[in-house]
Structure formats: structure tokens, C-alpha cells
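Taking it in order: structure first as C-alpha cells, then the write-up.
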2 protein chains.
Amino acid sequence: MADMSSGSAPGEQADLGSAATLGKRADVGSGPAPRKRADARRNEKTLLEAAAAAFVASGVDVPVRDIAARAGVGVGTIYRHFPTRADLVAAVYRHQVEACAAAGPELLASADSPYTALTRWIDLFVDFLVTKHGLAEALQSDDAAFQTLHAYFLDRLVPVCADLLAAATRAGQVRTDIEALELLRGVGNLCIGAGKDSQYDARRMVTLLLTGLQHRPSTP
Amino acid sequence: MADMSSGSAPGEQADLGSAATLGKRADVGSGPAPRKRADARRNEKTLLEAAAAAFVASGVDVPVRDIAARAGVGVGTIYRHFPTRADLVAAVYRHQVEACAAAGPELLASADSPYTALTRWIDLFVDFLVTKHGLAEALQSDDAAFQTLHAYFLDRLVPVCADLLAAATRAGQVRTDIEALELLRGVGNLCIGAGKDSQYDARRMVTLLLTGLQHRPSTP
DNA sequence: GACGATACGGAACCGTGTTCCGATTAGCAA
DNA sequence: TTGCTAATCGGAACACGGTTCCGTATCGTC
């Protein structure tokens with residue numbers, strides 16, 4: 001299974017998550033993609049690496065200027081490749097989000113019960129969030145610029161969570177009044193500020209939430 | 001019992017929560033307070049009312065300039081009375097925080113079990129947070145300016161929560177590995193973004209958390 | 001009414017994200 | 001190799017938010 005908590009590992013050959021691929025696919029059928037210039041491709045890769053390093057060093061709140069400086073480019077270059085901060089963040093973490101999404105079905109197939117698969121998957125999700133300083137905060141930020149990041153996470157992970165939840169529901173292991181979106185948002189919220197207070201253990205809170213999710217006829 | 005979700009009801013005679021009373025008490029023993037000028041007192045009251053109205057209208061994120069305009073004063077006046085945004089927020093909600101703190105012992109005395117008292121108290125807390133747009137977010141913000149707000153809430157409410165939790169623990173009704181601070185932060189986190197998505201019901205998530213908190217020997 | 005202390009207003013400052021546009025350069029053709 | 005042109009780059013400039021500063025206005029007292 002993919003390791004969700006490892007470094008962000010940018011720098012692959014294929015689609016590095018340029019903003020154009022985040023929204024609706026642009027003008028399908030207008031012929032093959034016009035292939036970017038070499039310096040543009042180089043810069044995009046450099047930017048993703050610099051951003052990943054900056055996020056590790058200073059959290060996802062690191063100023064755009066710092067990322068630009070780290071990459072040795074101007075801020076204009078960042079905004080040409082990524083229309084907004086959130087798109088850059090999304091691009092940097094795209095691989096890990098995809099890995100998390102892919103892990104859902106695998107866990108469902110390998111775990112000894114749907115509920116176990118669900119908890120393991122949520123564990124992956126939590127590991128991902130708590131190891132990325134400020135990511136959970138950014139996801140819930142009401143800043144309009146982060147709407148696209150929020151949407152990307154939800155688009156990709158809600159269906160996976162919904163499948164796990166549905167399986168657990170069919171097995172009679174969980175309450176039936178909780179939706180996947182709600183569960184994911186709750187878990188995401190619990191991860192906020194995870195690294196900033198040693199007294200607060202997000203994983204323990206998520207455990208509580210998941211325990212409470214279990215189907216228990218004897219509700220007090 | 002105090003109604004935590006009602007309007008903020010500023011405008012009382014006594015201490016309206018000026019910043020001086022939030023931090024450590026300044027120079028105790030240097031004689032009686034020198035009694036502010038009349039216009040200063042008038043402005044402080046006006047400011048609290050304007051801020052409360054602005055918070056209701058636009059959330060606690062409303063720009064300081066907007067509050068100043070609403071109160072018909074300059075921004076300098078705000079900063080003279082409240083050293084920072086967070087102090088203004090704290091002052092506006094001080095009454096409700098105090099009411100929430102006071103409700104703890106009352107509930108413990110009146111409810112039929114400590115766990116019930118705890119859940120009722122948490123309900124009050126949640127009602128408070130979800131009815132104040134952006135307050136839960138501000139509480140967890142890593143912005144240094146909100147540290148004082150965070151600290152105020154915690155100073156005031158953690159002891160109350162700890163008492164309720166201890167009582168429930170003595171009654172064998174809850175797990176023993178959760179601290180009051182952790183529980184409060186978890187609940188606070190779950191309230192983030194409560195009003196912005198009709199799909200997400202913070203109260204339901206808190207219910208899950210509290211259910212998971214219950215002592216259950218048969219852990220799956 | 002005068003005068004010192006206090007409080008006021010809002011321009012100015014700093015740090016953000018984002019936009020804009022002249023300078024630069026890659027990629028191609030001759 | 002040399003031009004040419006469109007794509008790309010860099011960073012100054014803008015918008016917007018919190019906060020600070022200081023000349024001016026007002027209060028309260030003599």
C-alpha cells in the first residue's frame with residue numbers, strides 16, 4: 001500500500017498536476033496538447049520541488065514569495081503555472097491524495113471487516129493531514145482561494161469514503177445517519193492544529209469519533 | 001441557566017472586558033483605577049456594540065475598519081481600547097464565556113448523571129460556537145494575534161470541563177485517557193465551518209465524539 | 001477661560017496574495 | 001549561424017488586512 005505520510009515526492013515524468021488538469025479538461029478534441037516550452041516544464045518541476053520543501057520547512061502557509069525565492073524564480077512564474085496558492089498546494093499533494101484514494105478499495109479487500117478497513121483508511125488520511133503543517137487548516141479555510149483545494153480533496157476522497165462506509169453499513173457495523181462527506185470533514189477538522197500542541201492528539205480524537213460511529217443499539 | 005446562544009448582550013455597567021483585564025492584572029496596588037474619561041467610556045461601549053453587530057453580520061473575520069466605521073470612530077480608537085483584534089473578540093464574547101463556565105457546576109448538580117451533565121454542557125459550548133460565524137476558526141487559528149483569545153477560552157473553560165470529566169470518570173461512565181483540554185479542542189475543532197455547509201452537522205459529529213468517550217470495556 | 005492630560009482620527013506602514021507588462025529566451029526557419 | 005516571434009519570465013505594482021504613529025480635538029480641573 002502507498003505510504004501516505006512520506007515526503008511529497010514530486011518530480012515524476014507524467015502529469016505533475018499543472019492547474020489546467022485540476023479543473024474541467026480544457027477544449028477536448030482541439031488536437032494534441034501543444035507541448036510546453038522546455039524552460040516552462042523545467043520551472044514547473046523546480047517549483048513543485050521548492051514548494052514541497054517550503055511546505056515541510058514552514059507549513060503550507062509559507063508566503064508565495066518564499067517559494068519563489070527558494071525556486072529561484074519570480075512570483076509571476078508561480079502564478080503562470082498555478083493560478084492560485086491552492087492550486088500549487090493541490091499539485092504538491094496530488095500524488096498522496098491519489099494514493100489515499102487508491103488505498104480505499106485495497107483495504108476493503110484485504111481487511112477482515114469493512115469497519116476495520118474504514119478505520120485503517122481514516123488512519124491513512126489522518127497520517128497524511130497531521131504530517132503536513134497547516135494543511136488541515138487550509139482545507140477548512142473559508143478563504144475563497146482554497147475552495148479549489150477543498151473541492152479537489154472532497155471530489156477525490158468522498159467517493160472512496162462513501163464506499164467504505166456503505167460496506168460497513170451493509171455489515172451492520174456503523175450507524176446509518178452519517179454521510180461520508182460529514183465524516184471526512186469531521187476527521188479533517190479534528191486534525192487541525194495537530195502539531196501545535198503536544199497536549200492534543202488528533203489521532204486519539206479520531207479514534208473516539210470512529211468508536212462513536214459504531215452501530216450500538218443501546219444508545220443512552 | 002444562561003442562554004449561551006443568544007445575542008452577545010454588551011452594554012453592561014461593570015467591566016466590559018477592556019484589554020487590561022484580560023492579561024495579568026497590571027500593577028496591583030498602585031491605587032484605585034484612575035477612572036477613564038467620559039468619552040472613552042462611551043466609545044468603549046459603542047465599540048463593543050458595533051463589534052457585536054458586525055460579528056453577527058459578517059462573522060468574526062470582519063475587517064477592523066468596518067467595525068470602526070460602524071461605530072463611527074477611527075481605527076486608532078479601537079486599538080487604544082483593545083490592543084489587538086483578539087482582545088476585542090474576547091471582550092464581546094466574555095459574558096457568554098462566563099455564562100458557559102458558570103453553567104458547568106449547575107449542570108453537574110442538576111443532571112441525573114455526570115455524563116449527562118457533561119454532554120449537556122458540551123451542547124451549550126457547541127451552541128455558542130456554531131452561532132458565532134468564524135469563532136471556532138479564530139480559536140484554532142495559528143495567527144499569533146489570536147493566541148490571547150485562545151488562551152482566554154481555555155483558561156476559563158478547561159477547568160470547568162475538567163470537573164465534569166472527573167465526575168464522569170469517578171462514575172465510571174467515560175474513558176480515562178482523555179484530558180479536558182483535548183476534549184474541548186476536539187469539540188471546538190468539530191465546530192469549524194459549521195454554518196458553511198448544510199451537509200455538515202457539527203452537533204452530530206460532537207455526538208459521535210461523546211459517544212466514543214463513553215466507557216466501553218468491549219473495544220473491538 | 002485656560003491648560004495639561006487624555007483620547008481621537010485616519011494616514012502611513014508592513015506583510016500578504018495576486019495582477020500586469022516590459023524584458024528575455026526557447027524553438028523554429030532560412 | 002542568425003533572425004524572428006510567441007511563449008515565458010521577473011519583479012514592480014496593486015488590493016487588502018492588521019497595526020502603529022502622531023498631530024489634533026476634547027475632557028476635566030483650576
Side-chain angles (χ1 to χ4, degrees), chain A residues 18-20 26 32-47 50-51 54-55 58-91 134 137-138 141-149, chain B residues 16 18-20 31 33-48 50-51 54-55 58-90 134 137-138 141-149:
Chain A
S18 73
R35 184 176 176 80
K36 284 185 192 170
R37 261 169 53 167
D39 54 346
R41 263 173 295 138
R42 204 179 329 120
N43 267 333
E44 181 162 323
K45 183 176 166 182
T46 304
L47 271 175
F55 291 167
S58 315
V60 299
D61 293 325
V62 64
V64 174
R65 285 164 176 79
D66 289 6
I67 301 173
R70 200 183 269 261
V73 305
V75 290
T77 302
I78 292 191
Y79 281 93
R80 183 151 325 89
H81 289 286
F82 308 98
T84 184
R85 252 193 91 76
D87 294 301
L88 176 55
V89 175
E137 288 85 334
S141 163
D142 50 0
D143 185 344
F146 283 103
Q147 285 310 100
T148 150
L149 182 65
Chain B
L16 274 165
S18 74
R35 183 175 176 81
K36 286 185 191 166
R37 258 168 54 171
D39 54 347
R41 264 173 295 139
R42 203 181 328 123
N43 268 332
E44 180 161 324
K45 184 177 165 182
T46 305
L47 270 175
L48 282 169
F55 292 165
S58 316
V60 299
D61 293 326
V62 63
V64 174
R65 285 166 175 80
D66 289 6
I67 301 173
R70 201 183 268 260
V73 305
V75 290
T77 301
I78 291 191
Y79 281 92
R80 186 151 329 87
H81 288 285
F82 308 98
T84 185
R85 253 193 91 75
D87 295 300
L88 176 55
V89 175
E137 288 84 335
S141 163
D142 49 0
D143 185 342
F146 283 103
Q147 285 309 102
T148 150
L149 182 66

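Lettering of chains follows the sequences in order, A, B, ..., and the numbering in each one begins at 1.
Residue A:Asn43 has a polar side-chain atom (N or O) positioned under 4.0 Å from OP1 or OP2 of D:dC9. Of the side-chain N and O atoms in B:Thr84, one or more sit less than 4.0 angstrom from OP1 or OP2 of D:dT19.
Look at CZ on A:Arg42: it is 8 Å from P on C:dG27, rounded to the nearest Å. If you measure from atom CZ of B:Phe82 to atom C1' of D:dT19, you get 16 Å, rounded to the nearest angstrom. Nucleotide D:dC9 holds its P atom 16 Å from the NZ atom of A:Lys45, rounded to whole Å. With rounding to whole Å, A:Arg80 atom CZ is found 9 Å from D:dA7 atom C1'. Residue B:Asp61 contributes atom CG, which lies 9 Å from atom P of D:dG18 at whole-angstrom precision. In this structure, B:Ile78 atom CD1 and D:dC21 atom C1' are separated by 16 Å, rounded to whole Å.
The side chain to side chain contact (heavy atoms under 4.5 Å, CB included) check on A:Ala138 picks up A:Val60, A:Phe146, A:Leu149, with sequence neighbours excluded. When the side chain to side chain contact (heavy atoms under 4.5 Å, CB included) test is applied to B:Arg80, the partners found at least two apart in sequence or on another chain are B:Thr77. Residues satisfying the side chain to side chain donor-acceptor pair (under 3.5 Å) criterion with B:Arg37, sequence neighbours excluded, are B:Asp39. Considering only residues two or more places apart in sequence or on other chains, A:Val64 meets the side chain to side chain contact (heavy atoms under 4.5 Å, CB included) condition with A:Val75, A:Ile78, A:Tyr79, A:Arg85. With sequence neighbours left out, B:Ala54 forms a side chain to side chain contact (heavy atoms under 4.5 Å, CB included) with B:Val62, B:Ile67, B:Arg70.
No donor-acceptor pair under 3.5 Å is formed between the side chain of B:Asn43 and the backbone N or O of B:Ala40.
Residue whose closest nucleotide on DNA chain D sits further toward the 5' end, between B:Gly76 and B:Val62: B:Val62.
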Report, one pair per line, the protein and nucleotides 28-30 of chain D atoms (nitrogen or oxygen only) whose separation is under 3.5 Å.
from, atom 1, to, atom 2, distance (Å)
D:dG28, OP1, B:Ala38, N, 2.9

Protein-nucleic acid N or O pairs under 3.5 Å, nucleotides 28-30 of chain C:
none

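Smallest separation of non-hydrogen atoms from A:Ala71 and A:Thr46: O-CG2, 3.8 Å.
For the atom pair CZ (B:Arg41) and NZ (B:Lys36), the distance works out to 9.0 Å, reported to the nearest 0.5 Å. A:Leu88 CG to A:Leu47 CG: the interatomic distance, rounded to the nearest 0.5 Å, is 7.0 Å.
For B:His81, the listed nucleotide lying nearest its side chain is C:dC8; candidates were D:dG10, C:dC8, D:dG18. Considering only side-chain atoms of A:Tyr79, the nucleotide from C:dC8, D:dC9, C:dT19 that sits closest is C:dT19. When the nucleotides D:dG17, C:dG9, D:dT8 are ranked by their closest atom to the side chain of B:Pro63, D:dG17 comes out on top. In the set D:dA12, D:dG18, C:dC8, the nucleotide with an atom closest to the side chain of B:Thr77 is C:dC8.
Listed by residue number, B:Arg65 are the residues of residues 65-72 of chain B with a heavy-atom contact under 4.0 Å to DNA chain D.
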